[in-house]
Amino acid sequence: MPELPEVETVRAGLATWVAGRRIERVEVRHPRAIRRHAPGAEHFAAALVGRTIVGARRRGKYLWLPLDGPGEPGDAILAHLGMSGQLLVQPPEEPDEKHLRVRLGFADAGTELRFVDQRTFGGLSLAAGGAELPAEIVHIARDPVDPAFDDEAFVAALRRRRTGIKRALLDQSLISGVGNIYADEALWRARLHWARATDTMTRPVARALLADVRAVLGDALRAGGTSFDALYVDVNGESGYFARSLDVYGRDGEPCHRCGTPIRREPFMNRSSYRCPHCQPRPRQPRP
DNA sequence: CGAGTACCCTGTTGGC
DNA sequence: TGCCAACAGGGTACTC
């Protein structure tokens, strides 16, 4: 699933392959992909024609493409990949993908940008304020890769919460970019159980966890960057990284890379958590 | 307001 | 072999 490293890989690809290009044609193949754009799909399409994409930015799992040209200054195409979304740069003659939702054609006809999404949890919209931060995502916290991320403010906010640590890591208004996979990986590195009460975490423990979150995101980012292909901007970070580097996620029954104890999968928030029962024992006062 | 839950969606997998 | 439940799970709307 696309989390921060995968979205950043996509962002870098878009910066290379679509920044500076003028949009000439917009085709919305599935209105659900534009559902977060209140004025509707036709408005979305019409508003983009003639605009030039001037960059590619990201916060957490959101990315946006600031626009220049006719229309409102500061507009941007805002995108979230959801669980299965891809932004692909393809030659026009390439056959349509089965789950093609939106196609952007450019004035220079070399390649087109396609939004493909099987499960349609992702989507595009036209957002205002995109030069800095689209208004729709002001509630999304900075991510830990952001140079302006405030470590001590995060540690303080975390310790004020009355919840379990994994819930807190997944709360995009507290820290963004971390999803189920990297939350489990960071907690394993930090030897913390997902139900550890945030208000029992000391500052050093919280700081160490943040360092592990950064480390696992950084490792994944480097792995994701290597599998990037010029004409295929996607979430391939998964294939390179997942196969080699995951320590707990998806490894139910397999030995812990530290102690050999079988990794265990358990239900958590209608999904799954993976942990080492030995390295990450259940706390005395767990929180859900 | 903070915390926690239901729901959206479709393809794949596994049990019977 | 075919059917159905479980699963994948981020974000938002909603309740308490």
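Per chain, numbering begins at 1; letters A, B, ... match sequence-line order. What you see is a predicted model; the values in this text were computed from it and never measured.
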Next item on the list: May I have the distance from A:Phe268 (atom CZ) to C:dA8 (atom P), rounded to whole angstrom?
Entry: 13 Å
Next item on the list: Please check the phosphate of C:dT12 (OP1 and OP2 only) for any side-chain N or O of A:His80 closer than 4.0 Å.
Entry: no
Check: What nucleotide, of C:dG11, C:dA8, C:dT12, holds the atom closest to the side chain of A:His139?
Finding: C:dT12
Notebook entry, point to check: Relative to each other, are the rings of A:Phe44 and A:His37 parallel, tilted or perpendicular (30° and 60° limits)?
Noted result: perpendicular
Next item on the list: Determine: side-chain N/O of A:Thr163 to OP1/OP2 of B:dG4, distance under 4.0 Å, yes or no.
Entry: yes
Notebook entry, point to check: Side chain of A:Arg162: nearest nucleotide among B:dA3, B:dT10, C:dA8?
Noted result: B:dA3
Note to self: For B:dA3 and A:Arg161 - does any side-chain N or O of the residue sit under 4.0 Å from the phosphate oxygens OP1/OP2?
What the structure shows: yes
Notebook entry, point to check: Rounded to whole angstroms, how far apart are CD on A:Glu136 and P on C:dA13?
Noted result: 12 Å
Item checked: N/O (side chain, A:Tyr62) to phosphate O (OP1/OP2, C:dT12) under 4.0 Å -> yes
Checklist line | Quiz item: A:Arg271 side-chain donor-acceptor pair to C:dG10 base, under 3.5 Å | finding: yes
Next item on the list: Using a cut-off of strictly less than 4.0 Å between a heavy atom of the residue and any atom of DNA chain B, enumerate the qualifying residues of residues 165-172 of chain A by number.
Entry: A:Arg167
Notebook entry, point to check: Does A:Arg32 put a side-chain nitrogen or oxygen below 4.0 Å from OP1 or OP2 of B:dC8?
Noted result: no
Check: Whole-Å distance between C:dA13 P and A:Arg35 CZ?
Finding: 11 Å
Notebook entry, point to check: Does A:His30 put a side-chain nitrogen or oxygen below 4.0 Å from OP1 or OP2 of B:dC9?
Noted result: no
Next item on the list: Check whether the side chains of A:Asp117 and A:His99 place a donor and an acceptor atom closer than 3.5 Å, and report yes or no.
Entry: no
Notebook entry, point to check: For A:Phe106, is the NZ or CZ atom of A:Arg21 found under 6.0 angstrom from the centre of its six-membered ring and inside 45 degrees of the ring axis?
Noted result: yes
Check: Does A:Arg287 make a cation-pi contact with A:Trp194, if we ask for NZ or CZ under 6.0 Å from the ring centre and within 45° of the axis?
Finding: no
Check: With a cut-off of 6.0 Å (strictly less than), are more than 12 heavy atoms of other residues, nucleotides or ligands near CD of A:Glu27?
Finding: yes
Note to self: Just the rounded figure in Å: distance from P of C:dC7 to CD of A:Gln118.
What the structure shows: 18 Å
Check: Out of B:dG11, B:dG4, B:dC9, which nucleotide sits closest to the side chain of A:Thr120?
Finding: B:dC9
Next item on the list: Tell me, please, which residues at least two apart from A:Arg214 pass salt bridge (Lys or Arg N to Asp or Glu O under 4.0 Å).
Entry: A:Asp151
Check: Which whole-number value in Å describes the distance from A:Lys98 NZ to B:dC9 C1'?
Finding: 14 Å
Note to self: Counting the atoms with a prime plus P, OP1 and OP2 as sugar-phosphate, which does A:Ser84 contact under 4.0 Å by heavy atoms, base, sugar-phosphate, or nothing?
What the structure shows: nothing
Checklist line | Atom-to-atom span, CD1 of A:Ile137 to P of C:dG11 - whole angstrom | finding: 11 Å
Next item on the list: Between A:Gly82 and A:Arg265, name the one whose nearest nucleotide on DNA chain C is closer to the 5' end.
Entry: A:Arg265
Check: Near A:Arg32 CZ, under 6.0 Å, is it more than 12 heavy atoms from other residues, nucleotides or ligands?
Finding: yes
Notebook entry, point to check: For the pair made of CG in A:Asn270 and P in B:dT5, what is the distance, rounded to whole Å?
Noted result: 8 Å
Note to self: Can you measure A:Met269 atom CE to C:dG10 atom C1' for me and round it to whole angstrom units?
What the structure shows: 10 Å
Check: Hey, does A:Arg36 reach any base, or is it just sugar-phosphate, or nothing, if we go heavy atoms under 4.0 Å?
Finding: sugar-phosphate
Notebook entry, point to check: For A:Pro288 and A:Phe121, take the nucleotide of DNA chain B holding the closest heavy atom to each; which residue's nucleotide lies nearer the 5' end?
Noted result: A:Pro288
Notebook entry, point to check: How far does CG of A:Asp184 sit from CZ of A:Arg271, to the nearest 0.5 angstrom?
Noted result: 11.0 Å
